Enquirer: 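Dropping a structure here in structure tokens format, bear with me for questions.
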Amino acid sequence: FRLASGSKDFFSRLPRNALLKVLESLDLQSLRMIGACNRFLHEVCKEDELWKSVYLNHHGYASQELEELAQETGWSTIFFSSPLQLQVLLSRKRRQGSAKGRPVQTGKQAFLTM
């Protein structure tokens with residue numbers, strides 16, 4: 001069984017939802033390693049749906065504001081950003097929204113879990 005050489009790739013035969021469920025249950029090191037096996041798995045490991053699940057599994061919650069930011073930047077960016085980086089990104093997004101005449105959301109923080 002040599003997955004890295006491409007001789008047997010059982011993962012590509014799995015339904016996409018099943019494969020994502022398997023991948024979202026892996027730890028980050030395993031996810032990184034499986035993403036390096038071949039092009040197919042590399043592309044699947046970059047999917048936004050996977051990183052949203054990883055984020056929610058890790059943090060348990062994402063505010064509407066954070067969901068909107070993730071649509072712009074991608075969930076992997078959200079997951080790997082520090083809390084300070086996220087606050088900066090959210091602050092920029094709020095300023096851009098207010099500059100365009102949109103109401104500025106205030107209230108609960110977008111996240112505070114670690």
Side-chain angles (χ1 to χ4, degrees):
F1 186 91
R2 294 185 334 220
L3 181 60
S5 68
S7 60
K8 300 274 186 192
D9 184 2
F10 297 108
F11 288 111
S12 64
R13 296 180 186 165
L14 285 174
R16 194 63 143 204
N17 288 342
L19 179 57
L20 288 173
K21 285 289 182 196
V22 169
L23 293 176
E24 71 188 37
S25 69
L26 297 176
D27 62 88
L28 293 177
Q29 180 68 19
S30 299
L31 194 55
R32 184 185 66 79
M33 289 171 40
I34 203 162
C37 288
N38 61 35
R39 284 186 190 143
F40 171 75
L41 289 171
H42 179 75
E43 290 302 314
V44 173
C45 287
K46 290 184 347 184
E47 287 189 16
D48 214 38
E49 184 180 345
L50 172 64
W51 286 104
K52 180 178 182 178
S53 294
V54 170
Y55 181 89
L56 292 174
N57 286 341
H58 192 264
H59 293 283
Y61 173 76
S63 69
Q64 181 64 35
E65 189 178 28
L66 195 61
E67 294 251 0
E68 292 170 5
L69 181 63
Q71 287 178 355
E72 296 173 17
T73 63
W75 279 101
S76 64
T77 300
I78 300 296
F79 182 80
F80 288 109
S81 294
S82 72
L84 180 59
Q85 289 170 319
L86 284 177
Q87 288 298 338
V88 168
L89 289 171
L90 288 168
S91 178
R92 282 184 192 149
K93 184 173 175 17
R94 285 184 203 118
R95 280 195 307 268
Q96 289 171 351
S98 65
K100 293 179 182 177
R102 295 183 189 146
V104 177
Q105 273 189 331
T106 58
K108 284 199 287 186
Q109 293 290 342
F111 68 96
L112 286 178
T113 58
M114 289 298 289

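Atom set for the values below is all heavy atoms of this structure, side chains included, hydrogens, waters and symmetry mates excluded. The model shown is predicted, which means the values in this text are computed figures rather than measured ones.
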Enquirer: Examine Phe40 and Met33 and state if one hydrophobic cluster contains both, with Ile, Leu, Val, Met, Phe, Trp and Tyr joined whenever side-chain heavy atoms are less than 4.5 Å apart.
Expert: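 The answer is no; the residues belong to distinct hydrophobic clusters.
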Enquirer: Quick one: does Tyr55's side chain get under 4.5 Å of Leu66's, heavy atoms only?
Expert: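 Sidechains of Leu66 and Tyr55: in contact.
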Enquirer: Within this structure, what is the OG-CD distance for the pair Ser91 and Gln96, rounded to the nearest 0.5 Å?
Expert: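 Ser91 OG to Gln96 CD: 10.0 Å, rounded to 0.5 Å.
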Enquirer: Supply the atom-to-atom distance Glu24 CD to Leu19 CG, rounded to the nearest 0.5 angstrom.
Expert: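 Answer rounded to 0.5 Å: 10.5 Å.
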Enquirer: Ring-plane angle category for His59 and Phe79, please: parallel below 30°, perpendicular beyond 60°, tilted otherwise.
Expert: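 Correct class here is perpendicular.
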Enquirer: Within the distance-only criterion (no hydrogens, no angle test), does the side chain of Thr77 pair as donor or acceptor with the backbone N or O of Thr73 below 3.5 angstrom?
Expert: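 A pair under 3.5 Å: yes.
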Enquirer: Side chains of Asp27 and Ser30: closer than 4.5 Å at any heavy-atom pair?
Expert: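 In contact.
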Enquirer: Is any NZ, NE, NH1 or NH2 atom of the basic residue among Lys52 and Glu49 found under 4.0 Å from an Asp or Glu carboxylate oxygen of the other?
Expert: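 No.
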Enquirer: I'd like to know if Val44 and Phe80 are part of one continuous hydrophobic network [Ile/Leu/Val/Met/Phe/Trp/Tyr, side-chain heavy atoms within less than 4.5 Å].
Expert: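 In one cluster: yes.
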Enquirer: Taking the side chain as every heavy atom from C-beta outward, state whether Leu69 and Trp75 have any pair of such atoms under 4.5 Å apart.
Expert: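 With C-beta onward as the side chain, the pair stays apart.
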Enquirer: Between atom CZ of Phe11 and atom CG of Asn38, what is the distance when rounded to the nearest 0.5 Å?
Expert: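 One finds 9.5 Å between CZ of Phe11 and CG of Asn38.
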Enquirer: For residues Leu86 and Ile78, report the shortest heavy-atom separation together with the two atoms involved.
Expert: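 Scanning both residues, the minimum pair turns out to be CD2-CD1, 3.8 Å.
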Enquirer: Could you tell me which non-hydrogen atom of Lys93 sits nearest to which non-hydrogen atom of Glu65, and how far apart they are?
Expert: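 Nearest heavy atoms, Lys93 then Glu65: CE-O, 4.4 Å.
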Enquirer: Quick one: does Asp48's side chain have a donor or acceptor within less than 3.5 Å of a partner on Gly74's backbone?
Expert: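 No, Asp48 side chain to Gly74 backbone: no donor-acceptor pair under 3.5 Å.
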Enquirer: Does His42 reach the side chain of Cys45, with side-chain heavy atoms less than 4.5 Å apart?
Expert: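 No, every pair of side-chain atoms sits at 4.5 Å or beyond.
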Enquirer: Roughly how far apart are Ser63 OG and Leu90 CG, rounded to 0.5 Å?
Expert: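 Nearest 0.5 Å value for the OG-CG distance: 7.0 Å.
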Enquirer: Taking atom CG of Leu41 and atom OG of Ser12, what is their separation to the nearest 0.5 Å?
Expert: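 Leu41 CG to Ser12 OG: 7.5 Å, rounded to 0.5 Å.
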Enquirer: Could you check whether any side-chain heavy atom of Val54 comes within less than 4.5 Å of a side-chain heavy atom of Leu23, counting everything from C-beta outward?
Expert: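 A side-chain contact under 4.5 Å is absent here.
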Enquirer: Would you call Arg16 and Glu47 a salt bridge, using N to O less than 4.0 angstrom?
Expert: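 Yes, this pair counts.
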Enquirer: Is Tyr61 close to Leu56 at the side-chain level, that is, under 4.5 Å between some pair of heavy atoms?
Expert: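 When only atoms from C-beta onward are counted, Tyr61 and Leu56 do not touch, as no gap falls below 4.5 Å.
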Enquirer: At what distance, to the nearest 0.5 angstrom, does CD of Glu43 lie from NZ of Lys46?
Expert: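 One finds 4.0 Å between CD of Glu43 and NZ of Lys46.
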